[in-house]
Amino acid sequence: MSAAWMIYSSCGLHLLIAIYSIIIDVLNIKLASVLRWFCMVEATSLPIASTLNRGSMRQIDLIDSKSGVVAIYEDRRGGRIYLEGSAIQTYADPDGTSLLSYVRLMADVLSPCKEVLVLGCAGGSLATMLHRSGKRVTVVDNNPESFRIARHYFGMAPAIRCVAADFRDYLETESAQFDGIAVDIGGPTVAFQDLFDAPTCEAICKRLSPAGRLAMNLIIPEAADTLADHIASGLMAEGAGLWIYDQIGERDFNAVLVRLPPTEHHNLRDEVYGTALDNVPWTKRPPRSPLAPYHHRQKTPVSGLERQLAELFMQRMFDIGPASDERPLAAR
């Protein structure tokens with residue numbers, strides 16, 4: 001009897017271990033997909049993954065803004081995160097230099113420009129990097145609170161011109177042209193295919209000088225998605241070089257559209273590789289054509305359990321606790 005009982009117990013134990021392993025594997029897969037959905041950007045790159053260790057982050061402010069609640073976190077080295085809702089919009093060093101590879105890529109592409117229009121602010125790290133390199137920068141964002149956050153927490157200079165407006169309204173009323181345009185507008189609920197339709201892409205191109213450079217960041221749902229290609233078709237110009245840089249990932253990864261003037265597009269590989277793309281897996285390709293009508297893939301709804309797991313993960317990784325002694329920006 002004792003031998004039979006030991007055999008049954010051993011089988012039962014092994015069965016429980018197998019079931020437990022399967023559950024953990026499923027939860028890990030679900031959690032990984034939810035975290036990509038939560039963070040939206042840089043889902044596979046090194047800066048965030050290597051820095052967000054348990055207890056390494058502290059919340060220093062929580063701000064109500066036009067676009068929703070914005071949380072500011074700080075790591076042990078002074079790097080700060082601008083978290084809008086569930087999306088990491090900015091991650092930068094104390095001096096405002098971005099730790100996100102796609103932002104560095106965009107800054108490198110626009111490095112020869114003198115007058116740059118930046119559509120989208122958040123923490124303003126791209127505008128800050130461009131301004132520090134001697135460019136005249138105009139930033140447009142429909143959330144005026146983002147300008148105050150960028151200046152107070154991310155070192156954005158007062159000399160950077162800030163315009164509080166919907167970027168589409170700004171493009172319609174602005175008559176000036178810029179030799180550099182950066183577009184970094186997005187979030188968990190943004191439908192890029194609707195936001196950057198043909199008229200909007202045409203309006204962006206009108207504000208770009210004939211010898212100008214364009215860099216646009218997009219979030220791509222999955223590798224087979226043709227979102228970037230469809231938007232690229234609206235940004236083409238005769239003789240200009242248009243390329244798409246895809247950050248390697250399965251779902252919700254960054255893609256940067258780059259347009260250069262005819263005389264310069266052959267130099268794109270040399271000037272970008274080895275600087276912005278250090279140790280981050282990106283691929284460069286021309287836009288695909290011809291294209292079938294675009295059909296946006298609907299995001300799979302996130303279940304209550306998955307959301308709770310993701311929220312728990314964020315709390316533990318960010319070590320959310322009492323704010324620091326620094327007075328909240330909202331209280332000023």
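The model shown is predicted, which means the values in this text are computed figures rather than measured ones.
Atoms CZ and CG, on Arg77 and Asp93 in that order, are 9.0 Å from each other to the nearest 0.5 Å. Between the NZ atom in Lys206 and the CG atom in Leu171 there is a gap of 10.5 Å [rounded to 0.5 Å]. Here Leu83 contributes atom CG and Thr90 contributes atom OG1; the two are 10.5 Å apart, rounded to the nearest 0.5 Å. Remark: Ile149 CD1 to Cys121 SG distance equals 8.5 Å, nearest 0.5 Å. To the nearest 0.5 Å, the span separating NZ on Lys284 from OH on Tyr245 amounts to 4.5 Å. Trp243 contributes atom CH2, which lies 10.0 Å from atom CG of Leu260 (distance to the nearest 0.5 angstrom).
The shortest heavy-atom contact between Gly79 and Tyr91 is C-CE1, 4.3 Å. Counting all heavy atoms, side chain and backbone alike, Leu208 lies closest to Gln177 at O-NE2, 3.5 Å. The two residues Lys66 and Pro144 make their nearest non-hydrogen contact at CD-CD, 4.3 Å. Nearest heavy-atom pair, Gly96 versus Met129, reported as atom, atom and distance to 0.1 Å: O-CG, 4.2 Å. Nearest heavy atoms, Val70 versus Ser65: CG2-OG, 3.7 Å. The two residues Ile244 and Pro287 have their closest heavy-atom pair at CD1-CA, 4.0 Å.
The side-chain heavy atoms of Val139 and Val163, taken from C-beta on, include no pair separated by under 4.5 Å. With contacts defined as side-chain heavy-atom distances shorter than 4.5 Å, the pair Leu214/Val258 does not qualify. Taking 4.5 Å as the limit, every side-chain heavy atom of Met216 sits out of range of all side-chain heavy atoms of Val256. Leu105 places none of its side-chain heavy atoms less than 4.5 Å from the side chain of Val103. Residues Phe167 and Asn142 form no side-chain contact, since every pair of their non-hydrogen atoms from C-beta on lies 4.5 Å or further apart. At a threshold of 4.5 Å between non-hydrogen side-chain atoms, the residues Glu145 and Asp64 do not count as touching. In this structure the side chain of Met106 reaches within 4.5 angstrom of the side chain of Asn217, judged on heavy atoms. At least one side-chain heavy atom of Arg132 sits less than 4.5 Å from a side-chain heavy atom of Thr97.
In terms of modelled atom types and a separation under 3.5 Å, the side chain of Arg207 and the main chain of Ala176 share a donor-acceptor contact. Between the Asp229 side chain and the Arg288 main chain, a donor and an acceptor come within less than 3.5 Å of each other. Within the 3.5 Å criterion, the main-chain N or O of Cys113 finds no donor-acceptor partner in the side chain of Arg213. When atom types are taken as modelled, the side chain of His230 and the backbone of Thr226 share a donor-acceptor pair closer than 3.5 angstrom. Formation of a donor-acceptor pair under 3.5 Å by the Arg80 side chain with backbone atoms of Tyr153 is found in this model.
Two rings, from Phe253 and Tyr102, have their centers 6.0 Å or more apart.
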query = For Val137 and Val118, what are the C-alpha separation, side-chain angles and deciding distance, and is it a side chain to side chain contact (heavy atoms under 4.5 Å, CB included)?
reply = CA-CA 7 Å; Val137 181; Val118 179; 3.9 Å; yes
request  = Report the C-alpha distance between Tyr73 and Asp61 in whole Å, list the side-chain angles of each, state the deciding distance to 0.1 Å, and finish with yes or no for side chain to side chain contact (heavy atoms under 4.5 Å, CB included).
outcome  = CA-CA 7 Å; Tyr73 294 92; Asp61 208 345; over 6 Å; no
request  = Would you please test Arg136 and Val116 for side chain to side chain contact (heavy atoms under 4.5 Å, CB included) and show each step?
outcome  = CA-CA 6 Å; Arg136 294 184 296 273; Val116 181; over 6 Å; no
request  = Show your reasoning for whether side chain to side chain contact (heavy atoms under 4.5 Å, CB included) applies to Ile220 and Phe192.
outcome  = CA-CA 9 Å; Ile220 307 301; Phe192 288 97; over 6 Å; no
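No donor-acceptor contact under 3.5 angstrom links the side chains of Asp108 and Ser111, judged on distance only.
Ion pair Asp166/Arg168 flagged as a salt bridge, since at least one NZ, NE, NH1 or NH2 atom sits closer than 4.0 Å to an Asp/Glu carboxylate oxygen. Salt bridge Asp179/Lys114: absent, no basic N to carboxylate O contact under 4.0 Å.
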